[in-house]
There are 2 protein chains.
Amino acid sequence: MSITIKQLKYLCAVADYQHFTKAADASFVTQSTLSAAINELELQLGVKVFERNKRSVLVTPLGKKVLVQARIILGEVEDLLSLAEDFKDPLSSELRLGVIPTVGPFLLPPMLSDLRSQFSKLKLYLKEDMSARLLTQLQDGSLDLVILALPFELPNMEVVTLMSDDFFVCLPPEHCLKEAESICQDELRGEDLLLLEEGHCLRDHALDACNIEISDSNVVYEGNSLHTLVQMVANNLGVTLLPAMAVDANILGDTGLQLKPFTGGGVNRKIGMAWRQTDPRRDEYIVLAKFIANRPTI
Amino acid sequence: MSITIKQLKYLCAVADYQHFTKAADASFVTQSTLSAAINELELQLGVKVFERNKRSVLVTPLGKKVLVQARIILGEVEDLLSLAEDFKDPLSSELRLGVIPTVGPFLLPPMLSDLRSQFSKLKLYLKEDMSARLLTQLQDGSLDLVILALPFELPNMEVVTLMSDDFFVCLPPEHCLKEAESICQDELRGEDLLLLEEGHCLRDHALDACNIEISDSNVVYEGNSLHTLVQMVANNLGVTLLPAMAVDANILGDTGLQLKPFTGGGVNRKIGMAWRQTDPRRDEYIVLAKFIANRPTI
DNA sequence: ATGCATTGATCGTTTTTTTCGATTACTATT
DNA sequence: AATAGTAATCGAAAAAAACGATCAATGCAT
């Protein structure tokens with residue numbers, strides 16, 4: 001059919017040893033095998049590479065060129081093998097990770113330096129988008145992994161939960177609930193609730209958490225990032241819900257806003273990680289998931 | 001044992017078609033064969049290149065790198081094949097040709113342009129040396145071909161005769177033999193014969209031609225090229241023998257020297273070409289030999 | 001000269017690998 | 001629920017590779 005890498009190896013061996021039998025020994029085959037292989041190669045190339053002489057093996061002028069090329073090929077093959085070798089240890093290569101916008105700025109940045117030190121060869125490409133679009137990209141292969149809020153319909157994906165992320169109510173300093181230790185979900189029913197735009201899952205989770213429908217809503221404005229919402233609260237436009245993750249990342253800064261937990265707890269979102277069931281790098285993703293779940297507290 | 005070129009071809013085919021069955025068809029094998037080959041390759045690399053999904057075939061991030069490398073390798077293999085292909089037509093590559101000094105300057109130069117036009121890819125490396133040294137280099141493989149005067153002991157070589165090269169006696173204008181139509185060999189016995197240095201075969205042939213031994217010689221001086229001998233004759237230091245080849249190449253110039261053939265002819269040297277019996281380019285050398293033997297008269 | 005040692009080519013046999021065709025398992029679509 | 005499409009898998013057949021033994025040619029030592 002075609003020439004083989006084995007033939008090229010034998011070829012180089014003969015050139016190195018200038019001797020069929022020695023080359024055969026060094027290649028761990030018998031001389032007849034090597035002899036046949038060289039013959040076959042010469043037949044396929046249509047030219048003689050070696051000039052056999054009972055006394056010595058000479059390389060023809062063409063042979064020299066062929067040898068140069070053969071060594072190039074073998075070198076490239078070596079490169080291919082080491083390329084694969086480098087990939088074997090977990091998280092040692094490219095990882096295209098999609099994250100939802102209400103997680104991205106808060107979860108990953110604080111751990112990037114730790115990630116880098118533990119998986120020095122990892123090249124992380126981050127893509128921030130809303131859950132539905134992340135799923136599309138995961139399905140078509142343009143993302144390897146997504147981090148989003150659960151539950152979310154993820155057909156053919158393997159999903160692990162990374163953590164639970166409590167919601168807090170964020171109030172302006174002079175809000176009437178400012179003295180409360182904690183806030184009951186129903187207490188928010190009359191408040192002006194500030195939400196993200198349509199499509200952000202946090203919007204739905206917040207509505208869930210407050211037991212309200214968007215129809216009977218008192219939503220007065222929609223922001224496109226949590227930072228915007230915080231600014232709006234600071235300007236007395238209403239209240240909002242913030243995930244602990246964002247709070248931990250100091251989203252409030254020096255706004256002086258108040259944070260109240262929900263009474264009794266349990267008002268939260270689950271953060272999960274998902275990948276295609278068929279993805280061969282599953283084990284690596286598990287490693288990464290554990291790393292994220294056990295991240296050092298900030 | 002190792003990865004094969006075939007596997008890499010299949011790999012690229014699957015990447016091209018994004019489909020095992022189509023790739024298999026395009027590669028003229030069954031799907032099971034191709035499937036097994038890809039599996040085997042992935043096993044050898046220790047990493048998955050494709051992510052199989054009942055719906056589609058995705059290339060893993062590593063897979064992309066592997067594919068790039070695979071295409072490089074296949075490209076280099078192609079280069080190797082075309083390298084060999086270029087070599088196939090006769091006299092299309094390097095030829096290391098050794099020539100004796102009494103032939104080199106006269107035989108080859110006039111035909112170089114014809115050679116070039118007929119064998120445009122031929123790269124001729126010329127080496128000028130005395131017969132014995134040419135033989136050594138031919139034996140050790142540093143020359144492919146030699147042109148020298150016959151007979152000459154050439155063990156393990158194949159030899160062809162290119163041409164016969166008549167000797168002429170070269171006389172100063174006022175020499176006592178100047179009126180002779182032709183010269184008999186014995187007539188030179190008393191002359192001062194100018195010869196090349198020891199080692200030049202022409203020296204021996206000239207002595208042969210004159211039926212004299214070096215012991216009873218009247219050699220007065222030894223030159224190291226035919227041009228030198230001509231100059232010496234022009235200075236009345238004696239007579240010499242010149243091969244027709246040198247005469248045809250106008251070695252006399254405007255010296256006004258006389259040339260006399262030998263009486264009855266048959267005083268000549270044979271010019272031959274030789275190469276190792278084992279040299280695979282034998283056929284090309286025959287082609288070249290015919291070209292030289294049938295060279296257009298100058 | 002003559003016998004011996006070396007070396008690559010060659011041959012027939014055995015072993016291994018490859019390839020194939022058929023089937024299976026799974027999925028998405030109708 | 002049925003169907004069409006797809007890659008994996010399995011056992012059998014075919015092909016290729018590898019081996020061991022032998023041969024032929026050569027150079028070297030006796």
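Below, chain A is the first sequence line, B the second, and so on; all start at residue 1.
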A:Asn224: which residues meet the side chain to side chain contact (heavy atoms under 4.5 Å, CB included) condition with it, sequence neighbours left out?
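Listed in chain order: A:Glu197, A:Thr228.
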Integer-rounded Å distance: C:dT17 C1' and B:Asn39 CG
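For the pair B:Asn39 CG and C:dT17 C1', the rounded distance is 16 Å.
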Could you tabulate the donor-acceptor pairs under 3.5 Å formed by side-chain atoms of residues 72-84 of chain A, not counting sequence neighbours?
{"from": "A:Glu76", "atom 1": "OE1", "to": "B:Gln69", "atom 2": "NE2", "distance (Å)": "2.7"}
{"from": "A:Ser82", "atom 1": "OG", "to": "A:Glu78", "atom 2": "O", "distance (Å)": "3.4"}
{"from": "A:Ser82", "atom 1": "OG", "to": "A:Asp79", "atom 2": "O", "distance (Å)": "3.1"}

Residues two or more places apart in sequence or in another chain: which of them pass salt bridge (charged side-chain N to carboxylate O under 4.0 Å, His left out) with A:Glu158?
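Testing A:Glu158 for salt bridge (charged side-chain N to carboxylate O under 4.0 Å, His left out), a comparison that skips the adjacent residues, returns A:Arg282.
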Angle by which the axis turns from one end of the helix from C:dA1-D:dT30 to C:dT30-D:dA1 to the other, five pairs per end, to 10 degrees:
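The helix from C:dA1-D:dT30 to C:dT30-D:dA1 shows an end-to-end axis angle of 20°.
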Modelled atom types, side-chain donor and acceptor of A:Arg269 and A:Thr102, under 3.5 Å
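Note: A:Arg269 and A:Thr102 side chains meet the donor-acceptor criterion.
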Could you tell me whether the phosphate oxygens of C:dT6, OP1 or OP2, come under 4.0 Å of any side-chain nitrogen or oxygen in A:His19?
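No, because none of the side-chain N or O atoms of A:His19 sits under 4.0 Å from OP1 or OP2 of C:dT6.
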Less than 3.5 Å apart, which donor and acceptor atoms pair up between the side chains of residues 22-31 of chain B and the rest of the protein, not counting sequence neighbours?
{"from": "B:Ser27", "atom 1": "OG", "to": "B:Ala23", "atom 2": "O", "distance (Å)": "2.8"}
{"from": "B:Thr30", "atom 1": "OG1", "to": "B:Ser32", "atom 2": "OG", "distance (Å)": "3.3"}
{"from": "B:Thr30", "atom 1": "OG1", "to": "B:Thr33", "atom 2": "N", "distance (Å)": "3.4"}
{"from": "B:Thr30", "atom 1": "OG1", "to": "B:Thr33", "atom 2": "OG1", "distance (Å)": "3.0"}

Residues in side chain to side chain donor-acceptor pair (under 3.5 Å) contact with A:Lys123, at least two apart in sequence or another chain:
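None.
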Mind checking side chain to side chain donor-acceptor pair (under 3.5 Å) for B:Glu94 and listing every partner two or more places apart, or none if nothing turns up?
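Partners of B:Glu94 under the side chain to side chain donor-acceptor pair (under 3.5 Å) test: none.
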Sequence neighbours excluded, every pair satisfying salt bridge (Lys or Arg N to Asp or Glu O under 4.0 Å) that has a member inside residues 10-20 of chain B
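Sorted result for residues 10-20 of chain B: B:Asp16-B:Arg71.
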Looking at DNA chain D, which of residues 28-38 of chain B put a heavy atom within less than 4.0 Å of it?
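Output list: B:Gln31, B:Ser32, B:Ser35.
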